[in-house]
Amino acid sequence: MSWAPVYALVKQIPRGRVLTYGGLARLLRLPGGARTAGRAMAATPRGQGIPWHRVVGEGGRLLVPDRYVSLQRKLLESEGVAFTELRVNLQRHLWAGLLAKKSPAKRKTPRKPREK
DNA sequence: CATCTGACGACCG
DNA sequence: GCGGTCGCCAGAT
């Protein structure tokens, strides 16, 4: 699997806007969903102008490894992205009208009850 | 080849 | 809200 399409899209995220891993996965129809997007981002090559910091978790939470969190936050704030507590204000900065509104999205296949 | 490990997100209790 | 499970799957060991 090549991550090129992922990086290509991330590069198009405008300054001051963000996308979620899940949104990225849905837009590209990545097999495996959001986690696949996360794997791609974890392997982001440096020095290629890929704005990795514009990709955040659902709800605007920063999911990068601890040592990168402050950097990511700093980069985003320097672009004018607002934070609410520890989350990016998606209502204001989510890219391409992927609304911060979460649709319930009912599960089709009921989950097997967990053993105790 | 067998296992383990995650930059996720949805569910469940 | 919080913590644990589950599906998913490319790399690393």
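The analysis underlying the following values was restricted to heavy atoms, covering all of them including side chains, and did not include hydrogens, waters or symmetry mates. By convention in this document, chain letters (A, B, ...) are assigned in the order of the sequence lines, proteins followed by strands, and residues within each chain are numbered from 1. Here the structure is a predicted model, which is why all the values come from computation and not from measurement.
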Open item on the list: Without decimals, in angstroms, what is the distance between A:Tyr21 OH and B:dG6 P?
Closed with: 15 Å
Task: Sugar-phosphate only, base, or nothing, as touched by A:Gly22 at under 4.0 Å among non-hydrogen atoms - done: sugar-phosphate
Open item on the list: For a 4.5 angstrom cut-off between non-hydrogen side-chain atoms, does A:Trp52 reach A:Arg46?
Closed with: no
Open item on the list: Is any side-chain heavy atom of A:Trp3 closer than 4.5 Å to one of A:Pro45?
Closed with: no
TODO: Round to the nearest Å and state the distance from A:Glu58 atom CD to B:dA7 atom P.
DONE: 18 Å
Open item on the list: With heavy-atom distances below 4.5 Å as the criterion, would you say the side chains of A:Phe83 and A:Arg73 are in contact?
Closed with: yes
Open item on the list: What is the separation between atom CG on A:Leu63 and atom C1' on B:dG9, rounded to the nearest whole Å?
Closed with: 10 Å
Task: d(CG, A:Leu19; P, B:dC8) in whole Å - done: 16 Å
TODO: Kindly state which residues belonging to residues 69-88 of chain A come within less than 4.0 angstrom of DNA chain B, counting heavy atoms of the residue only, listed by number.
DONE: none
Task: Close side-chain approach of A:Val10 and A:Thr44, heavy atoms under 4.5 Å - done: no
Task: Spacing between A:Arg26 atom CZ and C:dC8 atom C1', to the nearest angstrom - done: 16 Å
Task: Between P of B:dC4 and CZ of A:Arg35, the distance in whole Å - done: 15 Å
Open item on the list: I'd like to check A:Glu79 versus A:His53 (side-chain heavy atoms, cut-off strictly below 4.5 Å). Are they in contact?
Closed with: yes
Task: Closest non-hydrogen atom pair between A:Leu63 and A:Gly57, with its separation - done: CD1-CA, 3.5 Å
- [ ] Taking all heavy atoms of A:Arg92 and all of A:Ala82, pick out the closest pair and write down the distance.
- [x] NH2-CB, 3.0 Å
Task: Row check, A:Tyr21 ring normal vs A:Arg35 NZ/CZ: under 6.0 Å, within 45° - done: no
Quick test: give all pairs of protein nitrogen or oxygen and nucleotides 10-13 of chain C nitrogen or oxygen below 3.5 Å, distance rounded to 0.1 Å.
unit_1	atom_1	unit_2	atom_2	d
C:dA10	O4'	A:Arg39	NE	3.4

Task: Of residues 40-51 of chain A, the positions that come close to DNA chain B - non-hydrogen atoms, cut-off under 4.0 Å - done: A:Met41, A:Ala42
Open item on the list: Do A:Val18 and A:Leu90 make a side-chain contact, defined as non-hydrogen atoms from C-beta onward lying under 4.5 Å apart?
Closed with: yes
Task: Atom of A:Val81, atom of A:Arg17 and distance for their closest heavy-atom approach - done: CG2-N, 4.5 Å
Task: Which atom of A:Leu30 lies closest to which atom of A:Met1, heavy atoms considered - done: CD2-CE, 4.0 Å
